[in-house]
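Lettering follows sequence order; numbering is per chain, from 1.
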Amino acid sequence: MNSSTIPAPAASAPIRVRIAPSPTGDPHVGTAYIGLINFIYARQNGGQFVLRIEDTDRARFVATSEQMIFDALRWLGLSWDEGPDVGGPYGPYRQSERTEIYRTHADLLLANGTAYRCFCTAEELEAARKQQMAAKLPPRYPASCRNLSEAQVAANLSDNKPFVIRMAVPTEGSTTFRDELRGDITFEHSNVDDQVLMKSDGFPTYHLANVVDDHLMHITDVIRAEEWISSTPKHVLLYQAFGWAAPRFWHMPLLRNIDKSKISKRKNPVSLVYYRQAGFLPEAVINFLGLMGGGMPSPTPVEIVNGAKEAEIFSLAEMIQRFEVPNIRLGGPVFDLTKLRWLNSEYLRALSPEAFFTALRDTILSDQYLRDISTLIQTRIETLGQFGELTGFFFRDDVMPTQEVFLPKKRTLEETLAFATEQLTLLEATDWTTEALEPALKQLGEAHTWSVKENFMLLRAILSGSTMSPPLLESLVVFGKARSLDRMRRFLETQKKLANARK
RNA sequence: GGCGUUAUGGUGUAACUGGUUAACACGUCGCCCUCUCAAGGCGAAGAGUCCGGGUUCGAGCCCCGGUAACGCUACCA
C-alpha cells in the first residue's frame, strides 16, 4: 500500500552526470573508473560532466587531497564542465561550502514530518546495537526519539543537548527503484534504517547532501559504484520527501582484488598518484579501465583477422564513439596489474623514440627527481660513475630485501613483520615531510621498544633493499608517498606469502 | 545474522535475441628468429559456462530450487 515506484526524469532533459569523490586521501583508481563511465556517458549524450567534492567528513578530511584529485583526473584526460575550480551555474561545488543549503533542506523535512531530531548519545546507540547483535537481530536504530513530543524536543533543545536529524522511514511497505543495468530492485521499509541526515557537528551525511546536490545541480543520471545499491532506497525516499523527481540510477560493478574482494590498497596499488609516478601512461590506464566491465563492443571479424590484440587497444575518443554503457557486465572485474602492464608496454612501444625519451624525462628521469636524488648522494660518492650503485632503488620497481638484510639481529621474524605493519599504518597517516616523519617514526619505535637504529634500518631495508642507503627520511620523501607505501605493502604481502609457504 | 547484487578457462571479455567441436586478448608452457633479454612469428595446455532439476529436437542464453563470492548493515563515503 505504501509501496512506490519513482518516475524517471523526463527523456528530454539534457543529460547531466557527476562524480563526487571525497578528499580523504590519494585519488582512487575506482574514482577514475566511475569518472570514466560518467565522462563517456556525458560526451555521448552531449551532456555535462560535473565534479563535486564531498568533503563533509571532517574527521577523514585530507587537505592536499582535493588538488591531487584534480591533477589525477586531468592527467587521465577526464575534464569536467563544472566543478570547484572551474565554477559553473550551480555552485558552489564543494559541499563544505553548502552547509546552509543542507540546513534549510533538513528543516523542510523536519517541518513536513519526514525527518526528526534524535538526541541519543553515541553510547546509547552503541549499547542498543550490542544488545541487538547479541539477540541475533539486525542492528537498527531503536526509534527512541522518533515520537518525541514537541515539548520534549523543546526541552532538549533549550538544554542545548546535541542532536542529529534522522530520516523518518515509513514503517510499512517497500520502495522499488529501477537500476538501469539490472532492472527493478525492491527494498522492504522494515529493512531500511532511520538514516542520519544531519550530524551533530552541523554537517550533512552523504545521503542528504547527495540527494540535495544532485537535485539542485539537475543531475539526470547517477552513475556510481555498486556499493550504493543498498542505500538507494533511502535516497529515493528522500526525493519523495522533498517532492522531487529522482534521477536514473546506474550501479557499476566494483573493481576487485585478485581474491575478488573490493579493490583495496592492501592488495593492490589504488592510488592514481602511484600509477603516474611508477610510469604508467594515462592512455594505458584509461584504456585498461575501459576494458573493465566490457562496455566496448566486441571486435568485428575483420578486426580479429587484422590482429585481435588491437581490438583491446583503444583511446578515450574511440570509447566515446563506441562504448555502450547499457552493456556493462555486472560481475566485478578483477583489476589485473599484469594486463595493465602489458597494455602500458604496448603504448610505450608505440611511442616515437623522441616521445619515449620525453616520457622518460618527464617522469622517472625528470630534472627535479634527479636533482632531489643527487642532493642525497653528493657526499657519499667518489666518482660520478657510482651514481647508479648508490641510487638504484630509486629507479627500480622490484626491490625486495632478503631476510638477512631486513631482519634485525635480536628480533624474530614475527615481531619484525608486526612492527613493519605498524610502520605502514603510521606512515599512511603521516604527512610526507621529514619534519613529520621523524618524530612519528621515533615515537612509534619508543612505544614498541624498538631502537631508532632497528626502526630506521628495517624501513631502509624495505625501501632500498639494502642496509646502506642515502638518508632514510629524505629518501622516502624523494621517492614519494604513494610508491613508498606500495613498496612496504608489497614487502609485507610477499613476506606473508613466504610465511604461509613455510607452513 | 539480515537485506541486496553477482556468477563463462588463472585474469579481462565474446558467443547472431536457444542452433554445429564455447571465441579473442593477457598470463603460462614449447618452438622459430636472435650475441642476451624483450618484441615478433608459430604452436600447446587450460573452461563445457557455480551446482541440481525442468522446458525444448536442441540451453552458457528460458523457468524453478540451491550454493558461493561480493556489497551494505556508522553522526564514512
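Anti is the glycosidic conformation of B:rG41, whose angle departs from 0 by more than 90°.
Taking the side chain of A:Glu312 as heavy atoms from C-beta on, and the options B:rG12, B:rU6, B:rA77, the nearest nucleotide is B:rG12. Distances from the side chain of A:Trp342 to the nucleotides B:rU6, B:rG27, B:rG4 place B:rG27 closest. Side-chain proximity of A:Ile229 to B:rU6, B:rU5, B:rA77: nearest is B:rU5. If you check B:rC70, B:rG12, B:rC26 against the side chain of A:Arg256, the one that comes closest is B:rC70. Side-chain proximity of A:Arg129 to the nucleotides B:rC75, B:rG4, B:rG2 is greatest for B:rC75. When each of B:rU5, B:rC76, B:rA25 is scored by its nearest atom to the side-chain atoms of A:Lys339, the top-ranked nucleotide is B:rA25. Of the candidate nucleotides B:rA7, B:rC75, B:rC26, B:rA7 has the atom lying nearest to any side-chain atom of A:Arg329. Side chain of A:Val164, nearest nucleotide from B:rU5, B:rC75, B:rC70: B:rC75. For A:Ser200, the listed nucleotide lying nearest its side chain is B:rC75; candidates were B:rC75, B:rC70, B:rA14. Taking only side-chain atoms of A:Thr338, from C-beta outward, the nucleotide of B:rU13, B:rC26, B:rC76 with the closest atom is B:rC26.
Side-chain N/O atoms of A:Tyr116 and A:Asn147 include no donor and acceptor closer than 3.5 Å. When only modelled atom types and interatomic distance are considered, A:Glu283 and A:Asn287 share no side-chain donor-acceptor pair under 3.5 Å. In this structure, a donor-acceptor pair under 3.5 Å is absent between the side chains of A:Asp26 and A:Tyr274. Under 3.5 Å, the side chains of A:Arg489 and A:Thr421 contain no donor-acceptor pair of N or O atoms.
Both cation-pi conditions hold for A:Arg117 and A:Phe163: the charged atom is under 6.0 angstrom from the six-membered ring centre and inside a 45 degree cone around its axis. A cation-pi arrangement is absent between A:Arg322 and A:Phe314, since the terminal nitrogen or guanidinium carbon is not both under 6.0 Å from the aromatic centre and inside a 45° cone about the axis.
Only the C1' atoms considered, B:rG43 is 40 Å distant from B:rU56, to the nearest whole Å. Comparing B:rG12 with B:rC70, their P atoms sit 14 Å apart, to the nearest whole Å. Taking atom P in both B:rU73 and B:rC61, the straight-line distance is 34 Å, to the nearest Å. Across the P atoms, B:rG30 and B:rG60 are found 35 Å apart, a figure rounded to whole Å. Taking atom P on both nucleotides, B:rG18 is separated from B:rG10 by 28 Å, rounded to a whole Å. Rounded to a whole angstrom, the distance from the C1' atom of B:rG48 to that of B:rG58 is 16 Å. Taking atom P in both B:rA15 and B:rU20, the straight-line distance is 14 Å, to the nearest Å. A gap of 16 Å separates the P atoms of B:rC63 and B:rG19, to the nearest Å.
Across all strands shown, B:rG18 has no partner, as no Watson-Crick or G-U wobble contact with both distances under 3.5 Å is found. Base-pair partner of B:rU6: B:rA68 (Watson-Crick or G-U wobble, both distances under 3.5 Å). When both distances must be under 3.5 Å, the Watson-Crick or G-U wobble mate of B:rG60 does not exist. With a cut-off of 3.5 Å on both pairing distances, the Watson-Crick or G-U wobble partner of B:rA23 is B:rU13. In this structure, B:rC31 forms a base pair with B:rG41, meeting either the Watson-Crick or the G-U wobble geometry with both donor-acceptor distances under 3.5 Å.
Atom CG of A:Leu330 and atom P of B:rG12 are 14 Å apart (whole Å). To the nearest angstrom, P of B:rU11 lies 15 Å from CG of A:Leu291. In this structure, A:Leu255 places its CG atom 13 Å from P of B:rG71, rounding to the nearest Å. In this structure, A:Phe187 places its CZ atom 5 Å from C1' of B:rG4, rounding to the nearest Å. Regarding A:Leu340, its CG atom lies at a distance of 13 Å from the P atom of B:rU13, rounded to whole Å. Computed from coordinates, the A:Lys265 NZ to B:rA77 P distance equals 17 Å when rounded to whole Å. Whole-Å rounding puts the A:Ile258 CD1 to B:rU11 P distance at 11 Å. What separates CG of A:Asn257 from P of B:rG10 is a distance of 19 Å, to the nearest Å.
The side chain of A:Lys199 places an N or O atom within less than 4.0 Å of a non-bridging phosphate oxygen (OP1 or OP2) of B:rA77. For A:Lys262, a side-chain nitrogen or oxygen approaches OP1 or OP2 of B:rC72 to under 4.0 Å. Side-chain N/O atoms of A:Arg341 include none lying less than 4.0 angstrom from OP1 or OP2 on B:rC26.
Between A:Phe177 and A:His251, the ring planes lie perpendicular to each other; the angle is over 60°, past the 30° to 60° tilted range.
Among the protein residues, A:Thr56 comes within range of the sugar-phosphate backbone only, with heavy atoms under 4.0 Å from sugar or phosphate atoms but none that close to a base. Using a 4.0 Å heavy-atom criterion, one finds that A:Pro139 contacts the bases of the nucleic acid, with or without backbone contacts as well. Contacts of A:Val196 with the nucleic acid, taken as non-hydrogen atoms under 4.0 Å apart, involve only primed sugar atoms and P, OP1 or OP2. Residue A:Leu343 is classed as having no contact, given no heavy-atom separation below 4.0 Å to the nucleic acid. If you check every strand for non-hydrogen atoms under 4.0 Å, A:Met198 touches nothing.
Nearest-nucleotide mapping onto RNA chain B: of A:Ser231 and A:Gly331, the residue sitting toward the 5' end is A:Gly331. Where A:Thr186 and A:Pro138 meet RNA chain B, the nucleotide closest to each residue was compared, and A:Pro138 sits on the side nearer the 5' end.
Residues A:His215 and A:Tyr90 place their aromatic rings such that the two centres sit no closer than 6.0 Å. Two rings, from A:Trp244 and A:His105, have their centers less than 6.0 Å apart.
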